[in-house]
Protein chains: 2
Amino acid sequence: MHNLLSNLRVDINSNLYLKDPESSSLGINIVKSSIDLIDLHGIEEFNFKKLAKEIGSTESSIYRYFENKHRLLLYISSLYWGIMEFQVVVQTSNMFDDMEKLLKALETLFSTPQTKCTSFQVEGQKLRHILNSEFVKAYHHKLVDEENEAGYFSIYKRLSSRLSGMIAAVNTNYRYSNSLSSLIIEGSLNQFFLSEHFHNLTDCHSKDNLYLFYKDLLTKTLTS
Amino acid sequence: MHNLLSNLRVDINSNLYLKDPESSSLGINIVKSSIDLIDLHGIEEFNFKKLAKEIGSTESSIYRYFENKHRLLLYISSLYWGIMEFQVVVQTSNMFDDMEKLLKALETLFSTPQTKCTSFQVEGQKLRHILNSEFVKAYHHKLVDEENEAGYFSIYKRLSSRLSGMIAAVNTNYRYSNSLSSLIIEGSLNQFFLSEHFHNLTDCHSKDNLYLFYKDLLTKTLTS
DNA sequence: AATTTTTGATAGTATTACTATTATATTTGC
DNA sequence: GCAAATATAATAGTAATACTATCAAAAATT
């Protein structure tokens with residue numbers, strides 16, 4: 001498994017970039033450093049001028065890779081969801097009990113992405129932190145419909161669909177597998193955010209607690 | 001009850017504005033027309049220049065009421081949550097069965113805010129639509145911690161806390177009432193958004209279906 | 001070595017998000 | 001009804017952002 005993981009290349013929609021960042025060291029630097037900067041200061045404070053300074057390049061060079069910072073955020077988001085999807089698939093592949101499988105998927109969703117196994121050697125925690133704080137802004141966006149149409153969210157949607165399938169496998173009579181799936185995936189980002197910024201709005205201040213909360217929710221909802 | 005409703009004044013944190021918009025017809029116009037414009041074009045496309053043109057006033061006049069459009073969005077959000085909280089309190093006030101009470105609160109959260117009863121005579125649907133699309137951006141914001149400290153989210157948090165209390169009343173042994181409460185409130189916005197923009201990610205394409213989904217989730221989670 | 005591609009350096013534009021100033025209404029107190 | 005206070009309008013201006021354009025230099029490819 002380690003061999004597989006060490007060569008992970010997420011198949012990101014090629015319209016998200018102008019030039020494939022994985023095709024050059026500048027491109028890889030752009031993505032790596034943008035993850036560092038967005039993690040540190042947030043997407044609002046982030047711009048291509050600052051990024052250029054950080055990597056010792058120029059704005060115009062960065063614009064040759066990405067049309068704008070929003071597209072770059074979508075790229076980073078796809079990277080995250082691609083890694084998570086891969087981890088969910090790997091972790092659940094040899095399981096036969098449907099509930100066990102679902103719970104393993106759940107656990108995986110709350111774990112840190114194995115970013116080290118891609119071309120972008122960054123801390124998985126940084127990537128996760130960006131998604132927790134910024135992903136909602138990526139899709140609550142004025143262009144959401146045309147970007148969705150263009151397939152910029154397809155990995156995210158595919159993951160949600162997989163999870164929905166696992167839910168349906170556990171209980172074929174359950175009528176809300178899609179809603180429950182997106183609730184969990186959304187929650188896997190949001191509850192971390194709440195813990196960080198609105199402490200009193202959640203009881204889950206650790207990965208483990210979060211898992212137990214959703215495990216309880218899932219098992220009771222699907223088996224009673 | 002109708003008398004009460006017709007005079008609803010939400011107590012919004014006075015630091016959110018420079019001059020109380022309810023104190024003049026220009027102020028009321030600013031809020032009303034901003035709701036119209038944000039509903040129509042989204043917060044990104046919205047600015048004080050366009051708003052000034054819309055109401056036949058000037059940017060400088062608007063800046064005397066609100067420091068910037070972000071604060072205005074927080075004001076509008078507080079208005080929404082204040083109305084929802086009021087409705088939840090009114091609707092559940094005479095109920096004695098805890099589960100019945102919780103479900104009534106849930107139902108109320110999915111209903112349209114009674115905006116007509118405030119100084120701002122706008123369509124409740126517009127307000128709800130703005131919250132569905134834009135509220136996440138209001139709190140996934142670089143200044144979230146200091147704004148939270150300043151009490152700009154207090155109505156939202158109080159509503160979540162109320163709901164959490166209702167959950168705890170139904171099942172005193174349940175350990176995640178805060179998380180479940182925020183999950184529901186968050187969901188009351190997000191699932192509508194999914195239905196509009198990511199149709200396949202949810203099974204709930206009506207208020208009624210949404211209610212049934214969460215009712216199922218709540219009853220199974222709290223009573224089994 | 002020649003050619004193509006990539007990157008850097010520099011300059012410039014339109015828009016946004018404000019701030020400042022002064023003039024003109026409008027309201028309020030007497 | 002008039003003076004004083006306050007609110008609003010009109011206009012101008014600034015700093016930052018999000019780009020676009022152009023050309024030269026460097027690097028990679030053939």
Side-chain angles (χ1 to χ4, degrees), chain A residues 14-34 37-38 40-76 119 134 137-138 141-143 146-147 152, chain B residues 14-34 37-38 40-76 119 134 137-138 141-143 146-147 152:
Chain A
S14 65
N15 291 316
L16 275 177
Y17 47 78
L18 299 168
K19 181 170 154 59
D20 185 358
E22 286 197 77
S23 72
S24 76
S25 62
L26 176 62
I28 288 171
N29 254 321
I30 288 172
V31 175
K32 279 172 66 174
S33 292
S34 67
L37 289 181
I38 298 172
L40 218 52
H41 308 296
I43 191 78
E44 283 129 296
E45 293 283 276
F46 171 83
N47 60 43
F48 282 0
K49 195 172 189 175
K50 289 177 186 171
L51 177 57
K53 196 179 173 191
E54 174 80 11
I55 62 181
S57 181
T58 59
E59 274 186 88
S60 51
S61 298
I62 296 168
Y63 274 110
R64 266 179 223 109
Y65 284 83
F66 292 99
E67 263 183 67
N68 51 52
K69 73 170 172 181
H70 172 63
R71 289 285 171 92
L72 174 53
L73 179 60
L74 290 177
Y75 182 91
I76 291 172
S119 311
E134 316 294 354
K137 292 176 221 167
H141 188 266
K142 54 181 172 178
L143 301 177
E146 73 187 66
E147 291 183 340
Y152 297 171
Chain B
S14 63
N15 292 315
L16 275 177
Y17 47 78
L18 298 168
K19 181 170 152 61
D20 185 359
E22 285 196 79
S23 72
S24 75
S25 62
L26 176 61
I28 287 170
N29 254 321
I30 287 172
V31 174
K32 278 173 66 174
S33 291
S34 67
L37 288 181
I38 297 173
L40 218 52
H41 307 298
I43 191 79
E44 284 129 294
E45 294 283 275
F46 171 83
N47 60 42
F48 282 2
K49 195 172 188 175
K50 289 178 185 171
L51 177 57
K53 196 179 172 191
E54 174 80 11
I55 63 181
S57 180
T58 59
E59 273 186 88
S60 51
S61 298
I62 296 168
Y63 275 109
R64 263 180 230 109
Y65 284 83
F66 292 99
E67 263 183 65
N68 51 51
K69 75 171 171 180
H70 172 65
R71 291 286 171 90
L72 173 53
L73 179 60
L74 290 177
Y75 182 93
I76 291 172
S119 310
E134 316 294 354
K137 293 178 223 168
H141 187 268
K142 54 180 172 179
L143 301 177
E146 74 188 67
E147 291 183 340
Y152 296 171

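Computed over heavy atoms, backbone and side chain alike; hydrogens, waters and symmetry mates excluded. No experiment lies behind these values; they were computed from the predicted model shown.
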Of all residues at least two apart in sequence or in a different chain, which pass the side-chain contact (heavy atoms from CB on, under 4.5 Å) check with A:Ser33? A:Asn29, A:Leu51, A:Glu54, A:Ile55
Produce the list of close N/O pairs, under 3.5 Å, pairing protein atoms with atoms of nucleotides 8-13 of chain C; give distances to one decimal.
{"residue": "C:dG8", "atom": "OP2", "partner": "A:Ser57", "partner atom": "OG", "Å": "2.3"}
{"residue": "C:dG8", "atom": "OP2", "partner": "A:Ser61", "partner atom": "OG", "Å": "2.9"}
{"residue": "C:dG8", "atom": "O6", "partner": "A:Arg64", "partner atom": "NH2", "Å": "2.8"}
{"residue": "C:dA9", "atom": "N6", "partner": "A:Ser60", "partner atom": "OG", "Å": "3.3"}

Will you find, in the side chains of B:Glu44 and A:His70, an N or O donor that is under 3.5 Å from an N or O acceptor? no
For A:Tyr65, which contact category applies under a 4.0 Å heavy-atom criterion: base, sugar-phosphate, or nothing? sugar-phosphate
Listed partners of A:Tyr17 passing side chain to side chain donor-acceptor pair (under 3.5 Å), at least two apart: none
Distance-only polar pair, side chains of A:Tyr65 and A:Ser24, donor-acceptor under 3.5 Å: yes
Verify the contact: side-chain N or O of A:Ser24 to OP1 or OP2 of C:dT7, cut-off strictly under 4.0 Å; return yes or no. yes
Return yes if some donor-acceptor pair links the side-chain N/O of A:Lys142 with the main-chain N/O of B:Gly42 below 3.5 Å, else return no. no
If the condition is salt bridge (charged side-chain N to carboxylate O under 4.0 Å, His left out), which residues does A:Lys19 pass it with, not counting sequence neighbours? none
Report the distance from atom OH of B:Tyr63 to atom C1' of D:dA12, rounded to the nearest whole Å. 15 Å
Nearest-angstrom distance from the residue atom NZ of B:Lys69 to C1' of C:dT16: 9 Å
Output the residues of residues 40-54 of chain B in contact with DNA chain D, where contact means a heavy atom of the residue under 4.0 Å from an atom of the strand; sort by number or write none. none
Nucleotide by nucleotide, 5' to 3', does protein get under 4.0 Å of the base (B), only the sugar-phosphate (S), or neither (-) in nucleotides 25-30 of chain D, counting heavy atoms? ------
